[in-house]
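Reading through the structure tokens given below for one structure.
Counting begins at 1 with the first residue of the sequence.
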Amino acid sequence: MTTATDPSVAITRPGPAASAASAAPEEDETSPADLVLPVLAVGAAGAFAGYAYVRRRRRARTRTTPAARPASSGTVGTGGTGAVLLPRPYEPALAELDRQAAAALVAADDCVRAAREELGFAARQFGAGALEPYERAVREAEGELAAALRMRQRYDDGVPAEEAARRHALAGIVGRCAEAGRRLDAEAAGFDALRALEEETGAALEVAEARFRELTGRTAEAGATLTGAGERYAAAATADVVGYLEQAKDRLVFATARLNLARQAADLGKAADAAARLRAAEGAIAQAAVFVDGVERLAAELSRAEQLLAPALTSAEAELSAVRAVLPPAREGEESGDAGMGAMAGAVPAPPDTAPPGAPDVPPGELRSRVLHADAVLASVRQEATGGRPYDPLAALRRVVAALAPVATGRSGVLPAAARLTAGSAVAGAEGFVATHRGAVGAAARTLLATARELLDADGPSGAAGPSALVRADALARRARDLAEQDVRLHGTPSADTPEEPDAGAAGAMLGGILLPGGTPPRFGGPQTRARLDRAP
């Protein structure tokens with residue numbers, strides 16, 4: 001503070017330096033800067049050392065971490081965080097897994113078919129009792145294969161939908177097929193020891209030659225049967241077996257050559273060569289039997305269908321009458337066929353207690369539309385059957401069954417028998433074609449055929465599966481046949497030139513799977529048995 005008479009004096013707040021100076025003893029002449037500078041120097045040195053340590057650590061990590069790789073190298077990056085990159089496990093594309101599963105199905109199906117064929121020849125030689133362990137192995141393999149085919153059918157139908165679940169399903173298919181092959185491989189050595197073809201082929205040769213002679217006579221009789229069916233029915237009725245007798249003769253020609261070669265090898269003491277040629281001859285004889293059976297079966301089915309057609313028409317009309325009796329009066333517009341509009345206008349379904357047992361639970365308008373369609377089909381079939389011209393009775397019966405299945409139960413009269421006849425004919429026809437062309441037929445046809453066969457087997461003698469299931473089995477079997485024929489066309493005629501054994505019919509044997517691509521005939525066993533044979537010198 002100042003007074004009027006005193007000069008002005010500046011007032012300052014005491015700072016740290018001033019405080020330190022005032023607190024220092026009078027006699028200490030050391031400057032405050034001399035105390036602060038060492039402290040600052042030590043702190044700076046520590047900070048620099050810490051920074052250098054951190055930098056060295058970062059540089060060490062940079063030197064020991066692998067450089068970033070392209071995405072296709074199969075490593076996982078971490079965005080520069082310093083974590084070690086780990087290899088990503090390889091996962092094949094879904095399409096590749098699909099191909100692997102399809103190949104496994106085809107291989108397992110071929111192994112089961114070949115084992116079943118060889119069992120047939122062994123049964124003629126040793127009797128069924130001696131083959132029980134091997135029959136059981138084949139049945140178990142067939143069960144695993146059937147499960148794999150069911151999984152494949154669901155997969156083809158889009159179930160499951162998620163990619164991870166579909167991968168799991170494909171893995172399950174491969175696993176089932178592997179188990180089927182394992183069951184056959186487990187009994188292959190025992191079966192080979194029972195037949196002992198590599199040691200002595202005499203008895204087995206006699207069995208094969210006896211069956212060959214039997215088939216030769218049947219082939220001539222089947223030719224006469226087919227000629228008669230062609231004269232009696234329309235050309236479409238026998239279209240499925242056109243060329244079957246020629247193919248049967250081709251297989252028999254191949255069997256003749258291989259049987260002769262087997263005899264020659266046996267006489268020269270070359271038991272292994274004799275066994276291989278005998279197995280090829282047995283496969284050809286088995287397929288010739290399938291062709292001949294197919295002709296005889298179809299002729300019998302056409303005759304049976306011709307007998308069933310008139311009763312089936314009568315039974316179908318009776319079922320339609322029962323359905324009409326419980327339908328409410330048609331609304332305006334439905335008489336002209338506009339049944340769907342009548343249903344949308346508010347038609348009320350028939351009371352449940354008045355509907356025939358098993359009738360479809362649909363609106364009356366839709367049911368009336370189905371009845372009108374069935375009426376038109378029945379009228380067309382009746383006109384075709386009574387027109388005096390050759391027709392296809394099996395196809396006509398199939399149309400009757402397909403028209404009645406959506407309308408009524410199909411359990412009265414002869415309709416159940418008609419449905420089983422048409423479905424059974426389609427399944428047997430597709431089965432014979434796949435069996436005799438399995439060298440070219442893929443997994444899709446085999447899957448549909450297995451589904452159709454399962455539906456047919458579930459029906460049984462009592463018709464437990466119902467007409468709709470039989471109609472579906474018939475459609476699936478005919479679709480399987482179409483796909484199998486398409487596979488054969490795309491596959492083309494295989495080349496089976498064997499300069500050391502230029503057999504006639506070898507190309508057909510390759511197409512039928514009688515000879516594997518390496519020229520070795522298949523035998524009882526699974527994929528491991530085949531792989532062992534392929535590696536053999």
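- A distance-only check finds a donor-acceptor pair linking the side chain of Arg446 to the backbone of Val441 [under 3.5 Å].
- Across every non-hydrogen atom of Leu184 and Phe524, the tightest pair is O-CE2, 3.7 Å.
- The shortest side-chain heavy-atom distance between Leu149 and Thr451 does not fall under the 4.5 Å cut-off.
- For Thr227 (side chain) and Gly223 (main-chain N/O), a donor-acceptor pair under 3.5 Å exists by modelled atom type.
- Arg523 places no side-chain N or O within 3.5 Å of a backbone atom of Ala188 that could act as its donor or acceptor partner.
- Under the rule for a salt bridge (charged side-chain N to carboxylate O under 4.0 Å, His left out), Glu187 has no partner lying at least two apart in sequence or in another chain.
- In terms of heavy-atom proximity, Ala222 sits nearest to Val292 at CB-CG1, 4.0 Å.
- Side chain of Thr216 to backbone of Phe212: a donor-acceptor contact under 3.5 angstrom is found.
- The closest side-chain heavy-atom distance from Tyr155 to Thr447 is not below 4.5 Å.
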Val377 vs Leu404, side chain to side chain contact (heavy atoms under 4.5 Å, CB included): CA-CA, chis, key distance, verdict: CA-CA 9 Å; Val377 171; Leu404 263 291; over 6 Å; no
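- For the pair Leu470 and Leu455, the minimum side-chain heavy-atom distance is 4.5 Å or more.
- At a threshold of 4.5 Å between non-hydrogen side-chain atoms, the residues Leu476 and Val427 do not count as touching.
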Intermediate values then yes/no, side chain to side chain contact (heavy atoms under 4.5 Å, CB included), Val174 and Leu97: CA-CA 9 Å; Val174 173; Leu97 292 176; over 6 Å; no
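- Looking at heavy atoms from C-beta onward, Asp474 lies out of side-chain contact with Val401 at the 4.5 angstrom threshold.
- The backbone N or O of Thr422 sits nowhere less than 3.5 Å from a side-chain atom of Ser425 that would complete a donor-acceptor pair.
- Residue Arg183 holds its CZ atom at 14.0 Å from SG of Cys111, rounded to the nearest 0.5 Å.
- Under the 30°/60° scheme for interplanar angles, the aromatic rings of Tyr244 and Phe291 are found to stand perpendicular.
- Distance check, rounded to the nearest 0.5 Å: CD of Glu317 to CG of Leu320 gives 7.5 Å.
- For residues 224-248, every residue pair satisfying the salt bridge (Lys or Arg N to Asp or Glu O under 4.0 Å) rule, not counting sequence neighbours, is listed here: Arg232-Glu306.
- The nearest pair of heavy atoms linking Ala484 to Ala445 is N-CB, 3.8 Å.
- For the pair Gln486/His491, no side-chain contact is recorded, criterion being any heavy-atom separation below 4.5 Å from C-beta on.
- Residues Leu170 and Arg152 form a side-chain contact, since some pair of their non-hydrogen atoms from C-beta on lies under 4.5 Å apart.
- A donor-acceptor distance shorter than 3.5 angstrom exists from the side chain of Thr219 to the backbone of Leu215, with no hydrogens or angles considered.
- Between Ala402 and Val471 the shortest heavy-atom distance is CA-CG2, 4.2 Å.
- Between the Arg370 side chain and the Pro406 main chain, a donor and an acceptor come within less than 3.5 Å of each other.
- Atom-to-atom distance recorded for Arg113:CZ and Arg438:CZ is 7.0 Å, nearest 0.5 angstrom.
- The number of heavy atoms from other shown groups lying within 6.0 Å of CD (Gln383) does not exceed 12.
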Worked verdict on Tyr391 versus Tyr233 for side chain to side chain contact (heavy atoms under 4.5 Å, CB included): CA-CA 5 Å; Tyr391 69 102; Tyr233 306 111; 5.9 Å; no
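- Residue Asp156 holds its CG atom at 7.5 Å from CG of Asp98, rounded to the nearest 0.5 Å.
- Side-chain contact between Pro522 and Glu117: absent, with no pair of heavy atoms (C-beta onward) separated by less than 4.5 Å.
- Rounded to the nearest 0.5 angstrom, Leu298 CG and Thr225 OG1 are separated by 11.0 Å.
- Atom CZ of residue Arg279 and atom CZ of residue Phe121 lie 12.0 Å apart, to the nearest 0.5 angstrom.
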Arg478 vs Arg398, side chain to side chain contact (heavy atoms under 4.5 Å, CB included): CA-CA, chis, key distance, verdict: CA-CA 12 Å; Arg478 289 187 288 125; Arg398 178 175 287 117; 3.6 Å; yes
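- Contact detail for Ala148 and Leu105: the closest heavy-atom pair is CB-CD2, 3.8 Å.
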Arg124 and Glu282: CA distance, side-chain angles, deciding distance, salt bridge (charged side-chain N to carboxylate O under 4.0 Å, His left out) verdict: CA-CA 12 Å; Arg124 288 174 174 252; Glu282 289 176 345; over 6 Å; no
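- With Asp157 contributing its side chain and Val159 its backbone, the two residues share no donor-acceptor pair below 3.5 Å.
- Shown here for Met510 and Pro517, the closest heavy-atom pair between the two residues is CE-CA, 3.9 Å.
- Remark: Glu296 engages Arg218 in a salt bridge, criterion side-chain N to carboxylate O under 4.0 Å.
- By the neighbour-count criterion of 12 heavy atoms within 6.0 Å, atom CZ of Arg166 is densely surrounded, having more than that number from other residues, nucleotides or ligands.
- Taking 4.0 Å as the cut-off between side-chain N and carboxylate O, Glu142 and Arg116 count as a salt-bridged pair.
- Evaluated for a side chain to side chain contact (heavy atoms under 4.5 Å, CB included) with Leu511, the options His437, Gln287, Gln247 yield exactly one hit, His437.
- No side-chain donor-acceptor contact under 3.5 Å links Ser303 to the backbone of Ala300.
- A donor-acceptor pair is defined here as one N or O able to donate and one able to accept, closer than 3.5 Å; such a pair exists between the side chain of Asp487 and the backbone of Gly442.
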